[in-house]
Amino acid sequence: MAHDIAALAVELTDMAAADHRTAVHANSDDPAEQLAWRRLTARHGDRLGEIMAEYGWPTAELVGEEAARAAWLVAQHADRQLDIQRRALQLMQQAVSAGAAGPRELAFLRDRTLVNEGRQQVYGTQIAGVKDGAPVPWPCEEPERVDELRATVGIEPFDQYVARFS
């Protein structure tokens, strides 16, 4: 079992490394690059689904901090696999409630899943585009409370967050 967990941790971190290397292709002008990105994230999403079925949410306690963050990244980028995102969200919510995962990453995954469902996000973590040089978030349920809600999960105020993208 310990060997399986060690191998799982390596597999997850390798998936995140591949994600980081190819993420630049997500919005590429080259359709082949976009397709390669979609195939990679779909393959990773499928594998995360298998991992969740076998182990539940891969927490830091189970696979280590780096691999747990990698699992979150894979879930975050499983945009065309809402079933995987919803399952990850459910399992991660349980892990956060048990103190085994962080509320910050959960907030990002919740917003990402809501946006992918065509709904309004809660924490303003997902950017729809850029207008007059400034990033614009997807619509939020309570835009006037975004910074307050962000603070409850350890996310910097929206203006500070988007300044990093400008």
Side-chain angles (χ1 to χ4, degrees), residues 8-9 12-13 15-20 22-24 26-27 37-38 40-42 44-53 55-131 134-166:
L8 177 61
L12 285 165
T13 54
M15 287 163 64
D19 186 289
H20 286 301
T22 58
V24 295
N27 299 311
W37 164 255
R38 288 185 184 145
L40 177 88
T41 55
H44 288 175
D46 289 346
R47 180 62 184 125
L48 182 61
E50 294 169 358
I51 291 166
M52 290 186 299
Y55 299 97
W57 184 251
T59 61
E61 186 180 348
L62 181 69
V63 295
E65 200 66 51
E66 187 183 2
R69 185 153 177 81
W72 166 79
L73 181 71
V74 169
Q76 192 71 355
H77 288 167
D79 291 319
R80 288 165 193 82
Q81 296 163 291
L82 262 174
D83 56 325
I84 299 293
Q85 276 189 335
R86 288 177 179 134
R87 182 74 180 129
L89 186 63
Q90 177 187 21
L91 290 174
M92 198 172 183
Q93 175 67 60
Q94 293 168 0
V96 168
S97 295
R104 185 180 195 278
E105 285 76 20
L106 179 65
F108 275 84
L109 185 56
R110 172 166 287 131
D111 275 0
R112 187 81 168 230
T113 305
L114 286 167
V115 166
N116 286 332
E117 291 173 341
R119 296 163 55 198
Q120 293 182 333
Q121 61 179 328
V122 176
Y123 302 97
T125 64
Q126 303 303 300
I127 305 300
V130 177
K131 184 176 181 183
V136 177
W138 284 96
C140 297
E141 289 176 3
E142 300 179 87
E144 69 288 347
R145 290 190 61 222
V146 162
D147 283 339
E148 174 191 337
L149 293 167
R150 290 169 74 93
T152 65
V153 295
I155 303 174
E156 68 269 55
F158 184 77
D159 290 343
Q160 286 177 24
Y161 176 69
V162 298
R164 296 191 322 214
F165 298 100
S166 301

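Given the structure is predicted, the values throughout are model-derived calculations rather than measurements. Atoms considered below: every heavy atom in the structure, side chains included; atoms not considered: hydrogens, waters and symmetry mates.
- Within the 3.5 Å criterion, the main-chain N or O of L106 finds no donor-acceptor partner in the side chain of Q93.
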Requested in this report: Using the side chain to side chain contact (heavy atoms under 4.5 Å, CB included) rule, take I127 and V162 through it: C-alpha gap first, then chi angles, then the decisive distance, then the call.
Outcome: CA-CA 9 Å; I127 305 300; V162 298; 3.9 Å; yes
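- The side chain to side chain contact (heavy atoms under 4.5 Å, CB included) check on Q94 picks up Q90, L91, with sequence neighbours excluded.
- The salt bridge (Lys or Arg N to Asp or Glu O under 4.0 Å) search around R104 returns E156, not counting sequence neighbours.
- Contact check for L149 versus V122: side-chain heavy atoms found under the 4.5 Å cut-off.
- In this structure, the side chain to side chain contact (heavy atoms under 4.5 Å, CB included) partners of E117, at least two apart in sequence or on a different chain, are L82, R86, T113, L114, R119.
- Contact record, V63 with A68: CG2-N, 3.6 Å, taken as the closest heavy-atom pair.
- For N27, the CG atom counts as loosely surrounded, since its 6.0 Å shell holds 12 or fewer non-hydrogen atoms of other residues, nucleotides or ligands.
- Residues passing the salt bridge (Lys or Arg N to Asp or Glu O under 4.0 Å) test with E144, sequence neighbours excluded: none.
- Residues passing the side chain to side chain contact (heavy atoms under 4.5 Å, CB included) test with A88 are M52, W57, A75, L109, sequence neighbours excluded.
- Within the structure, the ring-ring contact (aromatic ring centres under 6.0 Å, His included) test picks out no pair touching residues 83-102 (sequence neighbours left out).
- Judged by distance alone, the side chain of Q126 and the main-chain N or O of Q121 form no donor-acceptor pair under 3.5 Å.
- Judged purely by atom type and a 3.5 angstrom limit, Y161 has no side-chain atom pairing as donor or acceptor with the backbone of I155.
- Residues meeting the side chain to side chain donor-acceptor pair (under 3.5 Å) test with R80, sequence neighbours left out: none.
- Residues satisfying the ring-ring contact (aromatic ring centres under 6.0 Å, His included) criterion with H44, sequence neighbours excluded, are absent altogether.
- Pairing each heavy atom of G45 with each of A78, the nearest pair is CA-CB, 4.4 Å.
- D111 contributes a side-chain N or O that, together with a main-chain N or O of Y123, makes up a donor-acceptor pair within less than 3.5 Å.
- The CG atom of L8 sits 9.5 Å away from atom OG1 of T13, with the distance rounded to the nearest 0.5 Å.
- The list of side chain to side chain donor-acceptor pair (under 3.5 Å) pairs with a residue in residues 67-76, not counting sequence neighbours, reads R69-E105.
- To the nearest 0.5 Å, atoms CD1 (I51) and CG (L12) are separated by 4.5 Å.
- Once rounded to the nearest 0.5 Å, the distance linking CD of Q85 with CG of N116 reads 4.5 Å.
- Atom CD of E141 sits in a crowded spot, with more than 12 heavy atoms from other residues, nucleotides or ligands closer than 6.0 Å.
- Closest of all the heavy-atom pairs between P137 and G124 is CB-O, 4.4 Å.
- Take W37 and apply the ring-ring contact (aromatic ring centres under 6.0 Å, His included) test, not counting sequence neighbours, and it matches H77.
- Taking the side chain to side chain donor-acceptor pair (under 3.5 Å) definition, one finds that R150 meets it with nothing, sequence neighbours left out.
- A distance of 6.5 Å separates CD1 in I84 from CG in D46, rounded to the nearest 0.5 Å.
- With sequence neighbours excluded, the residues satisfying salt bridge (Lys or Arg N to Asp or Glu O under 4.0 Å) with D79 are R112.
- Closest approach of P58 and L48 over heavy atoms only: CG-CD1, 4.4 Å.
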